Amino acid sequence: MTELTSSHPLGRRSLLRAGLLGAGALAAGAATAPAVSAAPALIRRGRPVLTHGVQSGDVSAHSAIIWTRADRPARMLVEVSRDPSFRHARRLCGPLLTQETGGTGKLRVPFLPPGTDLHYRVTAEDLDGRATSEPLTGRLRTAPLGRAGVRLLWSGDVAGQGWGINPEAGGMSIYAAMAERDPDLFLHNGDSVYADGPLSETVSLPDGRIWRNLMTPEKSKVAETLEEYRGQFAYNLLDENVRAFAAAVPSQVQWDDHEVVNNWCPGEILDLPQYTEKRVDVLARRAFRAFHEWQPIDARAAVDGRVYRSFRHGAHAEVFVLDMRSYRDANTMDHTERGRILGRRQAAWLVRELARSTATWKIVQSDMPIGLIVPDGEDIEGVADGRPGAPGGREHELAWVLRQLARRRVRNVVWVTADVHYTAAHYYSPDRAAVGDFDPFWEFVSGPLNAGAFGPNTLDPTFGPEAVFVHAPPRPNTSPLEGYQHFGELDIDGRSGNLTVHLRDGTGAALWSRTLRPRWR
């Protein structure tokens with residue numbers, strides 16, 4: 001294989017201008033999307049076309065996942081180089097892109113140099129080898145090995161509560177604001193689609209304006225079939241801001257409830273008239289397949305081939321991706337009993353791997369907040385059970401995790417999450433808690449990316465949280481036009497190891513910032 005030797009760095013902003021949106025057919029295709037499905041059946045006429053851009057994800061110091069989708073059966077080809085001209089490129093033969101995966105495919109690229117800006121180019125070759133697609137290019141930065149600075153962004157909640165892609169408003173513009181921050185990595189905290197939330201063509205706003213959604217057949221009803229779930233993920237990639245960001249910034253993606261259906265639990269039977277398939281386990285299997293097909297996730301990195309996993313990013317950062325959805329008890333559980341939110345195996349993994357980590361900062365990428373009360377009708381959807389005093393229900397499992405971390409002297413653990421559709425900084429202290437055998441820690445909440453804004457939720461006092469900062473809308477389900485879309489940023493200084501947290505709005509403006517210094521004892 002050709003070595004990656006040439007060094008001509010190209011900034012992400014230049015890349016966005018020069019290459020990522022240069023696939024004119026893709027950008028034009030988004031504008032005409034109402035006439036077609038987001039995930040059309042594979043066709044065979046003419047040259048192959050890469051229909052939904054390129055993505056990278058699950059990046060380590062020496063490898064990365066690269067993803068694309070073709071409009072017909074084809075072979076995925078990938079070139080990787082330090083040089084944006086690809087004169088000194090490594091060429092890799094990827095998987096066949098077939099109907100079996102809805103035309104999607106991904107390739108794990110090994111033997112990459114650490115801490116390096118790399119350019120990749122993806123083409124699709126017809127199965128007879130006579131025609132190839134127009135190439136699409138992207139960029140990624142591999143994880144460093146030493147004491148380098150790292151910038152991570154996080155958020156979640158995309159196209160929910162009736163707010164989809166509005167071309168008249170510039171689409172999902174928060175993704176352009178995130179790209180401007182030039183991050184090393186994006187942590188997607190789940191609700192990456194709203195498979196249970198059909199869109200309508202127009203929504204009337206309180207001030208008389210009209211929100212106009214880009215529509216596809218899959219977004220006009222709740223998802224039940226595999227193709228309908230695929231169409232949920234395909235829809236978001238019709239937005240040019242999302243495609244450009246996905247091609248410029250690697251991601252680590254987890255799932256929550258709306259990838260399947262609101263507030264779901266394993267074994268649940270739905271009592272909803274809009275669903276013909278009532279068995280949540282059946283829906284979850286289809287959704288999970290589509291989730292893995294359409295996201296740049298390395299299934300080999302997941303502990304059980306599903307979602308939870310961890311990645312190291314130099315001496316200062318390690319990220320632990322959780323799955324609070326697949327192993328939980330039902331929301332109707334008796335909260336006077338011990339409950340599960342992670343499951344015994346995942347909880348043990350989290351404690352063990354956090355204790356083994358030598359990273360300065362251990363960042364827990366959680367799909368739900370710990371201390372906020374998240375109801376499900378008269379039941380409880382989240383961790384917090386809404387009752388003061390000793391832990392109850394799912395709080396028992398989190399109490400065990402926090403207690404074990406304190407006993408093993410695991411320092412500098414920070415939790416980041418989304419889910420509740422506003423942004424906040426929470427400081428948990430045993431001095432205020434009903435239980436006192438854990439170390440103080442921060443939890444940072446930031447979202448949504450393009451969905452209705454809500455909140456704030458009530459804090460449960462069990463673990464002694466304090467809302468140090470909150471930015472929430474004045475009323476439920478405010479539109480993305482009203483200024484309550486959010487993302488968060490973690491900046492780790494390579495020399496000192498200090499972690500600076502910024503909670504940002506949809507334009508990228510910092511609403512609140514705080515620098516945390518690592519504890520060593």
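Please read all numbers here as calculations on a predicted model, not as lab measurements.
One distance of note links OG of Ser200 with CH2 of Trp211; it measures 11.5 Å at 0.5 Å rounding. Rounded to the nearest 0.5 angstrom, Thr462 OG1 and Ile370 CD1 are separated by 12.0 Å. For the atom pair CG of Asn412 and CG of Leu516, the computed distance is 9.0 Å after rounding to the nearest 0.5 Å. Between the CG atom in Asp323 and the CH2 atom in Trp255 there is a gap of 6.5 Å [rounded to 0.5 Å]. Between the OG1 atom of Thr507 and the CD atom of Glu180 there is a distance of 11.0 Å, given to the nearest 0.5 Å. The distance from the CG atom of Asp491 to the CG atom of Leu153 is 8.5 Å, given to the nearest 0.5 Å.
Contact annotation: the side chain of Val222 never approaches that of Leu272 to less than 4.5 Å [non-hydrogen atoms, C-beta and beyond]. Between Gln346 and Arg306 the shortest side-chain heavy-atom distance does not fall below 4.5 Å. For the pair Gln161/Tyr194, a side-chain contact is recorded, criterion being any heavy-atom separation below 4.5 Å from C-beta on. Residues Arg312 and Thr358 meet the side-chain proximity criterion, which asks for heavy atoms closer than 4.5 Å. A heavy-atom distance below 4.5 Å is found between the side chains of Tyr427 and Arg432. In this structure, Arg344 and Trp400 have side chains that are not in contact, with every pair of non-hydrogen atoms separated by 4.5 Å or more. In this structure, the side chains of Trp415 and Leu322 come closer than 4.5 Å at one or more pairs of heavy atoms. Between Ser192 and Phe291 there is a side-chain heavy-atom pair separated by less than 4.5 Å.
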Evaluate the criterion side-chain contact (heavy atoms from CB on, under 4.5 Å) for residue pair Ile297 and Ile65; output intermediate values, then yes/no.
CA-CA 7 Å; Ile297 295 172; Ile65 295 292; over 6 Å; no
With side-chain contact (heavy atoms from CB on, under 4.5 Å) as the test, would you mind laying out the steps for Leu237 and Arg69 before giving the verdict?
CA-CA 11 Å; Leu237 288 168; Arg69 180 190 183 274; over 6 Å; no
Leu283 vs Trp264, test: side-chain contact (heavy atoms from CB on, under 4.5 Å). Steps then yes/no.
CA-CA 10 Å; Leu283 296 175; Trp264 71 275; over 6 Å; no
Stepwise, does the side-chain contact (heavy atoms from CB on, under 4.5 Å) test hold for Val59 with Arg141?
CA-CA 8 Å; Val59 170; Arg141 186 176 298 145; over 6 Å; no
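Across all their heavy atoms, Thr68 and Gly53 have their closest contact at OG1-O, 3.0 Å. The heavy-atom pair separating Arg279 from Ile269 by the smallest distance is CG-CD1, 4.0 Å. Considering every non-hydrogen atom in both Phe438 and Ala433, the closest pair reads CE2-CB, 3.7 Å. Of all non-hydrogen atoms in Asp419 and Pro369, the two that sit nearest each other are OD2-CD, 3.9 Å. Counting all heavy atoms, side chain and backbone alike, Cys265 lies closest to Val280 at O-CG1, 3.8 Å. Leu152 and Val150 make their closest contact through CD2-CG1, 3.5 Å (heavy atoms, listed as atom of the first residue, atom of the second, distance).
For residues 443-453, the side-chain hydrogen bond (donor to acceptor under 3.5 Å, both in side chains) pairs, not counting sequence neighbours, are Thr423-Ser446, His426-Glu443, Tyr428-Glu443. A salt bridge (charged side-chain N to carboxylate O under 4.0 Å, His left out) check over residues 280-302, counting only residues at least two apart or in different chains, returns the pairs Glu100-Arg289, Arg108-Asp298, Arg230-Glu293, Arg289-Glu293. Residue pairs that meet the salt bridge (charged side-chain N to carboxylate O under 4.0 Å, His left out) test with at least one member in residues 325-337, sequence neighbours left out, are Asp256-Arg325, Arg325-Glu381, Arg328-Glu381, Asp329-Arg340. Sorted by first and then second residue, the pairs that involve residues 467-487 and meet salt bridge (charged side-chain N to carboxylate O under 4.0 Å, His left out), not counting sequence neighbours, are Arg475-Glu482. Listed by first and then second residue, the salt bridge (charged side-chain N to carboxylate O under 4.0 Å, His left out) pairs that reach into residues 347-363 are Glu353-Arg356, sequence neighbours excluded.
A donor-acceptor contact shorter than 3.5 Å links the side chain of Arg394 to the backbone of Gly382. Of the possible donor and acceptor atoms, one in the side chain of Tyr235 sits under 3.5 Å from a partner among the backbone N and O of Ile165. In this structure a side-chain-to-backbone donor-acceptor pair under 3.5 Å is present from Trp154 to Thr417. Put simply, the side chain of Asn331 never gets that close to the backbone of Asp379: no donor and acceptor are under 3.5 Å apart. A distance-only check finds a donor-acceptor pair linking the side chain of Lys106 to the backbone of His292 [under 3.5 Å]. A distance-only check finds a donor-acceptor pair linking the side chain of Glu259 to the backbone of Asp191 [under 3.5 Å]. Ser63 contributes no side-chain N or O that, together with a main-chain N or O of Ser60, makes up a donor-acceptor pair within less than 3.5 Å. At distances below 3.5 Å, not a single donor-acceptor pair connects side-chain atoms of Arg408 with backbone N or O atoms of Ala406. Side-chain atoms of Arg151 come within 3.5 Å of backbone N or O of Arg181 as a donor-acceptor pair. Looking only at distances, no side-chain donor or acceptor of Gln404 sits under 3.5 Å from a matching main-chain atom of Val401.
Taking Thr515 as the reference, Asn498, Thr500 meet the side chain to side chain contact (heavy atoms under 4.5 Å, CB included) condition, with sequence neighbours excluded. Asp196 pairs by the side chain to side chain donor-acceptor pair (under 3.5 Å) definition with His258, not counting sequence neighbours. Taking Ser429 as the reference, nothing meets the side chain to side chain donor-acceptor pair (under 3.5 Å) condition, with sequence neighbours excluded. Applying the side chain to side chain contact (heavy atoms under 4.5 Å, CB included) rule to His316 yields the partners Arg147, Thr360, Ile492; only residues at least two apart in sequence or on another chain are considered. With sequence neighbours left out, Trp163 forms a side chain to side chain donor-acceptor pair (under 3.5 Å) with Asn477. Qualifying side chain to side chain donor-acceptor pair (under 3.5 Å) partners for Ser173, counting only residues two or more places apart in sequence or in other chains: none. Under the salt bridge (charged side-chain N to carboxylate O under 4.0 Å, His left out) criterion, Asp460 pairs with no residue, sequence neighbours left out.
Considering His486, His471, Glu489 as possible partners of Arg504, the one that fulfils the side chain to side chain donor-acceptor pair (under 3.5 Å) test is Glu489.
Between Phe245 and Phe186, the ring planes lie perpendicular to each other; the angle is over 60°, past the 30° to 60° tilted range. Between Phe469 and Trp512, the ring planes lie parallel to each other; the angle is under 30°, not in the 30° to 60° tilted range.
Under the 6.0 Å cut-off for aromatic ring centres, Tyr229 and Trp294 do not qualify, their centroids lying 6.0 Å or more apart.
Side chains of Asn189 and Gln254: a donor-acceptor N/O pair is present below 3.5 angstrom, by distance only.
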